[in-house]
Amino acid sequence: MNSPNQPLPTFDEVLLCTPQTTAEQVGLFLRRCLIPCSGGEKIYTMLYADELSYDVSCRAEELFRRLQRYNSAYRLVILCNCEREHSYIPSVFSQYKVHMIPQRPLAEIQRYLQHHYRVAQPSSSAASVFKDNMCVGIVSSKRAGVGK
């Protein structure tokens, strides 16, 4: 996010973890991250790794340790909920833990995202539904079940 022209992460650089995430999904992700190839200088990110089941977490750690020796220049960021820091993955990688506070003002982050999510040619697509021709949006309500 150092410049507005830097791209957003691609689908293969991010793994959004849930309790249903399988060991196979984590394994594929770690292989992309840790096995050297001509994929460039990507930064891989596991989001909510603290949500992984114990079994999947153990298998992920084991695979990480095995693959780590093939590539010492990998770029992997593991984001976890600070309230679940005693889960398996945050505990295993605790020696590398960094408490992070966003370094950019909210307005600057919003401008960066607007730059990447704005539809160039407004049309009769779903993007015209969102404010300022954005192709993504957040719909929320304080009342549950009102047809969002």
Side-chain angles (χ1 to χ4, degrees), residues 1-120 126-127 129-145 148:
M1 203 183 103
N2 291 329
S3 97
N5 297 325
Q6 282 185 311
L8 292 168
T10 58
F11 72 93
D12 65 328
E13 293 176 89
V14 179
L15 178 65
L16 179 59
C17 301
T18 68
Q20 290 75 37
T21 302
T22 65
E24 181 182 10
Q25 291 170 317
V26 176
L28 290 171
F29 178 79
L30 289 175
R31 283 179 180 84
R32 280 196 301 265
C33 173
L34 296 169
I35 295 177
C37 65
S38 60
E41 297 292 320
K42 294 183 175 187
I43 300 173
Y44 293 88
T45 306
M46 287 179 70
L47 297 170
Y48 305 114
D50 53 292
E51 295 280 332
L52 295 172
S53 70
Y54 181 79
D55 180 53
V56 171
S57 296
C58 290
R59 292 173 65 185
E61 178 200 9
E62 180 183 317
L63 181 62
F64 175 83
R65 302 277 184 223
R66 276 198 334 255
L67 294 176
Q68 184 181 22
R69 64 177 168 237
Y70 294 111
N71 184 4
S72 61
Y74 63 90
R75 295 171 160 196
L76 175 62
V77 177
I78 301 173
L79 296 175
C80 299
N81 184 338
C82 65
E83 294 174 5
R84 294 179 43 95
E85 67 182 335
H86 299 296
S87 299
Y88 192 88
I89 293 290
S91 296
V92 166
F93 294 100
S94 64
Q95 67 210 41
Y96 306 107
K97 180 169 45 176
V98 175
H99 289 282
M100 172 102 178
I101 297 172
Q103 300 296 309
R104 306 287 179 150
L106 178 60
E108 189 175 332
I109 293 170
Q110 288 172 333
R111 279 193 304 275
Y112 173 79
L113 292 173
Q114 286 173 349
H115 172 76
H116 288 284
Y117 287 123
R118 181 164 284 126
V119 176
V129 172
F130 296 109
K131 180 179 169 185
D132 298 326
N133 295 321
M134 294 291 132
C135 63
V136 296
I138 297 173
V139 178
S140 66
S141 173
K142 293 181 182 184
R143 292 179 38 216
K148 294 184 284 298

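Along the sequence shown, residues are numbered consecutively beginning with 1. Values in this document were obtained by computation on a predicted structure and should not be read as measured data.
- Minimum interatomic distance between E85 and K97 (heavy atoms only, all atoms of both residues): OE1-NZ, 3.0 Å.
- Counting all heavy atoms, side chain and backbone alike, Q25 lies closest to T21 at OE1-CA, 3.3 Å.
- Contacts classified as ring pair (Phe, Tyr, Trp, His ring centres under 6.0 Å) and involving residues 10-30 (residues at least two apart or in different chains) are given here: F29-Y44.
- Distance check, rounded to the nearest 0.5 Å: CD of Q20 to OG1 of T22 gives 10.5 Å.
- C17 and E51 make their closest contact through O-CB, 4.0 Å (heavy atoms, listed as atom of the first residue, atom of the second, distance).
- Judged as a salt bridge (Lys or Arg N to Asp or Glu O under 4.0 Å), the pairs with a partner in residues 7-20 (not counting sequence neighbours) are, in order, D12-K42.
- Y74 pairs by the ring-ring contact (aromatic ring centres under 6.0 Å, His included) definition with F64, not counting sequence neighbours.
- Rounding to the nearest 0.5 Å places CG of L76 at 10.5 Å from CD1 of I43.
- Annotation: side-chain hydrogen bond (donor to acceptor under 3.5 Å, both in side chains) contacts of S91 (sequence neighbours excluded): none.
- Listed for the D50 side chain is no donor-acceptor partner under 3.5 Å among the backbone atoms of S87.
- For the atom pair CD1 (I78) and CG (L52), the distance works out to 9.5 Å, reported to the nearest 0.5 Å.
- In terms of heavy atoms, P9 sits closest to V14 at CB-CG2, 3.7 Å.
- When all heavy atoms of L8 and H116 are compared, the closest pair comes out as CD1-CB, 3.5 Å.
- Under the rule for a ring-ring contact (aromatic ring centres under 6.0 Å, His included), H115 has no partner lying at least two apart in sequence or in another chain.
- Counting only residues at least two apart or in different chains, side-chain hydrogen bond (donor to acceptor under 3.5 Å, both in side chains) contacts with residues 52-62 comprise E61-Y88, E62-R66.
- Here the closest heavy-atom approach between residue A60 and residue V26 is recorded as CB-CG1, 3.5 Å.
- Here the CG atom belonging to L47 is positioned 12.0 Å from the OG1 atom belonging to T18, to the nearest 0.5 angstrom.
- One distance of note links CG of L34 with CG of L63; it measures 7.5 Å at 0.5 Å rounding.
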